[in-house]
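Below you'll find the structure, written out as structure tokens, and then a few comments.
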Amino acid sequence: MASGVNRKISAASARAHTRKSKQSSFRLPSGMFKKILVVLLVGFLAWAYQAIQSPAPKICGSLDGPPVTASRIKLSDGRHLAYKEHGVPKDRAKYKIVFVHGFDSCRHDAIVATSLSPEIIEDLGIYIVSFDRPGYGESDPNPKRTVKSIPMDIEELADQLGLGSKFYVIGFSMGGQIIWGCLKYIPHRLAGATLLAPVTNYWWPSFPSNLSKEAYYELLLQDQWTLRVAHYTPWLTYWWNSQKWFPASSIAALNDAIFSRQDKELMPKFSNKKDYMAQIRQQGEFESIHRDLMVGYGSWEFDPMDLKNPFPNNEGSVSVHLWHGDEDLIVPVSLQRYIAQRLPWVQYHELPGAGHFFPLADGMADAIIKALLSVEK
């Protein structure tokens, strides 16, 4: 009887011992779990680092880059700037104008030059030069681009083309924002300036916080995030705009929701853009549209609303004009109204029913030019 009990106890002990052996066989060696975590973390960081690295730009004229087809100048820092001339020849021009294109565009998108009536061009003797901003079209990228650098490029372009001691500047959309830099850094070279639907930076200090927030939240949610990334974490701009998990810039994607009624009516006037669309980002998206976002919505060296009138001696002649449509869904009109209140020396033109692309509307280019040049023809 006792031996039977012993046998039962021994069998139970054996089974328990077997279970313990099986359980203990799944234990990781000491410190292995931490090592696995470290490996996973390192792998994730390596992936993240690769994900935020932008590809090297394909420089025009380089071995693996697009060919050079445009007229170009060589800047003092060695970069090339591509340009296109419009209107009458320089040697018989009375008015010389530099046009600055907008976001995701190039020298061919000189919307004032291409929409201006031939009569105005000839009668007034108008010469316009448009250029590819750095990284766009056939202009070399500028990894050191700042709010100041493009006005300096414009001044150098004017000097190399022989535009004289003073010239006019016109900028559209993101190019309009650049005109603020011209008024800050090269006012002594300007005969006048026009900003057409200029992009505003929601983080300019002079904007009342409630006004800038209200305007900011009028944007599509995907654009709010795109601008937030460009402002607060610019090193994530490439990743955010190239990842597929969340929608990025609606403007870069040409989302129909950002266009007003008038914008949609004017779309046929972009029909020729298909002929050069591939050229716009041909050197890479990072040094063109992504760099635009980082500079345009980054921390600026100055606040445009602190600028003084660069033409104080031109009594009776307003030399700076700002035009904006009150139905612009890309750049909220409320911010332009505030800027106009803060800068009484800027002549503000608000267009009822107009969207972002109003300069393409019939007769608008003529009106814009005549206002800038203070002529009645």
Side-chain angles (χ1 to χ4, degrees), residues 51-52 54 100-105 133-136 143 145-147 149-150 171-181 195-260 263 280-281 284-305 322 324-325 327-339 355-357:
I52 65 176
S54 61
V100 190
H101 69 75
F103 181 82
D104 205 9
S105 304
R133 293 195 283 108
Y136 282 107
R145 199 206 311 180
T146 64
V147 174
S149 64
I150 294 185
F172 170 65
S173 192
M174 187 66 80
Q177 187 191 64
I178 289 167
I179 302 303
W180 292 121
L195 301 86
L196 304 174
V199 166
T200 51
N201 185 322
Y202 298 91
W203 291 273
W204 284 338
S206 291
F207 282 137
S209 59
N210 62 325
L211 179 66
S212 58
K213 285 181 181 178
E214 182 181 346
Y216 178 79
Y217 287 116
E218 288 178 18
L219 302 175
L220 296 180
L221 183 60
Q222 65 195 81
D223 291 324
Q224 294 176 28
W225 275 103
T226 297
L227 302 190
R228 190 179 285 125
V229 168
H231 181 77
Y232 291 109
T233 55
W235 46 277
L236 285 177
T237 299
Y238 170 74
W239 172 80
W240 177 258
N241 287 278
S242 57
Q243 52 80 32
K244 306 300 180 185
W245 300 334
F246 307 102
S249 170
S250 64
I251 302 173
L254 297 177
N255 188 328
D256 191 64
I258 63 173
F259 300 128
S260 72
D263 290 337
I280 295 175
R281 306 184 194 178
E285 294 187 357
F286 184 73
E287 288 297 345
S288 53
I289 60 174
H290 299 168
R291 186 71 67 184
D292 260 3
L293 294 171
M294 292 187 291
V295 175
Y297 294 101
S299 297
W300 277 40
E301 305 156 8
F302 71 97
D303 185 335
M305 283 163 280
L322 194 163
H324 208 83
E327 293 185 6
D328 192 327
L329 301 180
I330 297 175
V331 183
V333 68
S334 58
L335 299 183
Q336 310 293 15
R337 290 170 179 163
Y338 185 80
I339 291 172
H356 195 66
F357 300 126

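Every value quoted in this text rests on a predicted model; they were computed, and no experiment measured them.
- Of all non-hydrogen atoms in Tyr338 and Pro208, the two that sit nearest each other are CZ-CD, 3.4 Å.
- Rounding to the nearest 0.5 Å gives a distance of 11.0 Å between CG of Asn255 and CG of Leu329.
- Within the model, atoms CD1 of Ile178 and CZ of Arg133 stand 4.0 Å from one another, a figure rounded to the nearest 0.5 Å.
- Within the 4.5 Å cutoff, the side chain of Leu254 has heavy atoms near those of the Phe259 side chain.
- Looking at residues two or more places apart in sequence or on another chain, you find no ring pair (Phe, Tyr, Trp, His ring centres under 6.0 Å) involving Phe103.
- Counting only heavy atoms from C-beta outward, the side chains of Ser173 and His101 never approach each other to under 4.5 Å.
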Exercise for the section: Could you go through the side-chain contact (heavy atoms from CB on, under 4.5 Å) check for Leu211 and Ser334 one step at a time? Expected result: CA-CA 8 Å; Leu211 179 66; Ser334 58; 4.1 Å; yes
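- At least one donor-acceptor pair closer than 3.5 Å links the side chain of Trp300 to the backbone N or O of Val295.
- Residues Trp204 and Ile339 meet the side-chain proximity criterion, which asks for heavy atoms closer than 4.5 Å.
- In this structure, Asp104 contributes its side chain and Ile289 its backbone to no donor-acceptor pair below 3.5 Å.
- The heavy-atom pair separating Val147 from Glu301 by the smallest distance is N-OE2, 4.4 Å.
- Of all heavy-atom pairs spanning Gln336 and Pro198, the tightest one is NE2-O, 2.7 Å.
- Shown here for Ala257 and Leu220, the closest heavy-atom pair between the two residues is CB-CD1, 4.1 Å.
- At least one donor-acceptor pair under 3.5 Å links the side chain of Asp263 to the backbone N or O of Phe357.
- Shortest non-hydrogen contact noted between Asn201 and Gly298 is ND2-O, 2.9 Å.
- With a 6.0 Å radius and a threshold of 12 heavy atoms from other residues, nucleotides or ligands, Trp203 has its CH2 atom above the threshold.
- For the atom pair OG of Ser250 and CD of Gln222, the computed distance is 5.0 Å after rounding to the nearest 0.5 Å.
- Looking only at atom types and distance, the side chain of Thr226 has no donor-acceptor partner in the side chain of Asp223 under 3.5 Å away.
- The shortest heavy-atom contact between Glu287 and Arg145 is O-NH2, 3.6 Å.
- Looking at Pro205 and Met305, their side chains never come closer than 4.5 Å, going by heavy atoms from C-beta outward.
- Taking 4.5 Å as the limit, every side-chain heavy atom of Val229 sits out of range of all side-chain heavy atoms of Trp239.
- Ser249 contributes a side-chain N or O that, together with a main-chain N or O of Ala252, makes up a donor-acceptor pair within less than 3.5 Å.
- With rounding to the nearest 0.5 Å, the separation of OG1 in Thr237 from CE in Met294 is 5.0 Å.
- The distance from atom CE of Met174 to atom CD1 of Ile179, rounded to the nearest 0.5 Å, is 13.0 Å.
- Not a single donor-acceptor pair under 3.5 Å links the side chain of Tyr297 to the backbone N or O of Tyr202.
- By the 4.5 Å heavy-atom criterion applied to side chains, Val333 and Asp328 are not counted as neighbours.
- Expressed to the nearest 0.5 Å, how far CD of Glu285 lies from OH of Tyr238 amounts to 8.0 Å.
- Checked by atom type and distance alone, the side chain of His356 never pairs as donor or acceptor with a backbone atom of Val331 at under 3.5 Å.
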